Amino acid sequence: MSSFSFRTRAKDLAWLSQDQFDLLVIGGGITGAGIVRDAVLRGLRVALVERRDFAVGTSSRSSKLIHGGVRYLQQGDVGLVMEAAHERRVIRRLAPHLARPIQMLVPAHSRSTYAKLSVGLWTYDRMARVLDEERYHMLDRDQTLALEPQLRSKDLYGAGLYYEYLTDDARLVVETLKSAAAGGAAIANYMEVTGLAKENGRVSAAVVKDALAGAELTVRAKTVVNAAGPWVDAVRCMEDENERPRLHLTKGIHLVLPRERLPVSRIVVMNTPDNRAVFVVPHGVVVYIGTTDTDYDGRYDDPSISMEDVTYLLEAANASFETDRLTPQEVVGAWAGLRPLLHQEGKKPTEISRKDEIMVGPAGLISIAGGKLTTYRKMAQRVVDMVVERLADGERRGDKQGDSERALLSGGETGDDVDAFSTKLKSRWPHVPADIVERLVPLYGSNAERMVEGMAADPMLARRCAPGMGVTRGEVAYAVREEMAMTLEDFLERRGRLFLWDVNNGLTAAPEVASLMADLLGWDAGHMDAEITSYRNHVREVKTFLPELDTVTTARVAHA
Ligand code: FAD
């Protein structure tokens, strides 16, 4: 069984090269993670490889909402509303810390918009079987301003208030993968598929390159699923170089600002001149604004953000709130992601369907693209159904129906009330500072209990990586030992999320985190320095939409 750790990497890689798997999944985003978990729950022998870190692609760059499906109602897609609403309930049951209800306020600026909103939300409540305590409310102008006093009051008529669920996309991927590993899947990051091998005209193996050690190995599998997100077409071409591209990539960016500059208490929808709904989401000491939807043909890794993208979102906020004018210089963080959508001739980015599609290539490669985080479990089920059908190996392995609706995700044992779980940990271990517990529970769910217990037993583990910051040595050790964090960026960006939610992008803690990781992973001084430099460059690069920010960031880094 895999331990999901650097400690057994060599053993896991040997396993990958020796076994023949029922299924090999290419890509460690949410789509691949869901598939590997579903397949393991059905008793298949499964492997997954990811070319960089888990969730490094689109799955750490979303708006982080588990949609209830209101938007699909606007598009008249009743099937999708029902599916999204159902899946939202399921994710909340499987991992309550990764599906936290949050109010969404939709301002209306005329009586007719207000009336339409009211009918839409009424219909949605019934169709989606919304819980009693999460039912919608219509607010008049004064009630709206009482909730969000900074909203621009001119022409405001009222608002609709309903619930969406907030998730943490990269953590959802990691918890899903950890569950699959615990069930017996072989999973490795920094392993890139560079080619596919065939036997009797069928894809039978993948050539995989270890991006950390440089070695190459072959993973044999009876079926291969391509869940490579924006890279789906590139992997399809490994099967047959004549494959016609099917994807249409669109880019969406988000900006992070200090919460004091846009002090909202819930998600607030803002309108743009082109009539798209963008929103601002509160998250601890920051808020984020998103998103854009534009055609994209640049680099796939870490897509860049243009000044035009930034202006578009800031203008929406400036038009919607009466706070002092927000400027690009105040942006403390940002991310950009690519939607791997299926091309539809003549459609603009916003018009292209978000539905997923499964494609089967001439040599049997199964590719999946499109879809959402919200419906990842259902997508996985459909793909694994197809895999099982193809495993005509006499024994019909995988006939067993997995219980992907009920088997809790790693970290999912907090119970419904995640805050109560946090309170329980604080009272059981009063010597561990409360802010540390409050940081760990939303990120790691019930796994935080073992971390806090460890810190109570060994106060060195509770030592902060920088003064005043909640991130501790214990958390870093956990991410390396139990979550396969292999680089400084893996921890700061996708396990501990400081890249997003810390106003200094985790730079203050970076030297201490790197030094700890060096001890755990056996890096020498040169390797450790390279990790810090690379992370600093990464932070700087995300803000290169502002040339003058280069110097601002450099000054900040020098301070850290
Ligand atoms: P990815 O996450 O990109 O994963 C593919 C992985 O494959 C990558 O990690 C990549 O490194 C790996 N890979 C590629 N090639 C190879 C190879 N040769 N070998 C090995 N590995 C390889 N959905 C929601 O439900 N709610 C939202 O709020 C939401 N907001 C969004 C906002 C934006 C701006 C965007 C862009 C999307 C949003 N989505 C949202 C959609 C959702 O994020 C995506 O549908 C989902 O993350 C796609 O996941 P994926 O696993 O298919 O792709």
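Values below: all heavy atoms of this structure, side chains included; hydrogens, waters and symmetry mates excluded. Remember, predicted model here, so these are calculated numbers, not experimental data. Both ligands and their constituent atoms are indexed starting at 1 by order of listing.
- Side chains of F545 and S306 form no contact here, defined as non-hydrogen atoms less than 4.5 Å apart.
- Nearest to atom 3 (O) of ligand 1 by heavy atom, out of I253, V193, L65, T58, is T58.
- Remark: the backbone N or O of G34 is not paired with any side-chain donor or acceptor of R377 at under 3.5 angstrom.
- Side-chain contact between T167 and S62 is absent, with no heavy atoms from C-beta onward closer than 4.5 Å.
- Ligand-side atoms of ligand 1 in range of T291: 34 (C), range being under 4.0 angstrom from any heavy atom.
- Classified by interplanar angle (parallel below 30°, tilted 30° to 60°, perpendicular above 60°), the ring pair Y535/F499 is perpendicular.
- Each of the atoms 2 (O), 4 (O), 6 (C), 51 (O) of ligand 1 lies under 4.0 Å from some heavy atom of G29.
- Proximity of R354 to ligand 1 is not established, as no heavy-atom distance is less than 4.0 Å.
- Using a 4.0 Å cut-off between heavy atoms, L338 contacts ligand 1 through its backbone alone, with no side-chain atom that close.
- Those atoms of ligand 1 with a heavy atom of R61 less than 4.0 angstrom away are 33 (C), 34 (C).
- Counting heavy atoms from C-beta outward, L48 and L177 have side chains that approach closer than 4.5 Å.
- Crowding of E351 atom CD: a count of heavy atoms from other residues, nucleotides or ligands under 6.0 Å exceeding 12.
- Less than 4.0 angstrom separates some heavy atom of E192 from each of these atoms of ligand 1: 18 (N), 19 (N).
- Ring centroids of Y288 and F279 are separated by 6.0 Å or more, keeping the two rings apart.
- Annotation: R339 places no N or O atom under 3.5 Å from an N or O atom of ligand 1; distance criterion only.
- Proximity annotation for atom 30 (N) of ligand 1: of G34, G371, S63, A227, S63 comes nearest, heavy atoms only.
- Those atoms of ligand 1 with a heavy atom of V49 less than 4.0 angstrom away are 20 (C), 21 (N).
- Judged by distance alone, with hydrogens and angles left aside, the side-chain atoms of D385 form no donor-acceptor pair with the main-chain N or O of R382 at under 3.5 Å.
- Residue contacts with ligand 1: G252 is placed with no nitrogen or oxygen under 3.5 Å of a nitrogen or oxygen of the ligand (distance criterion only).
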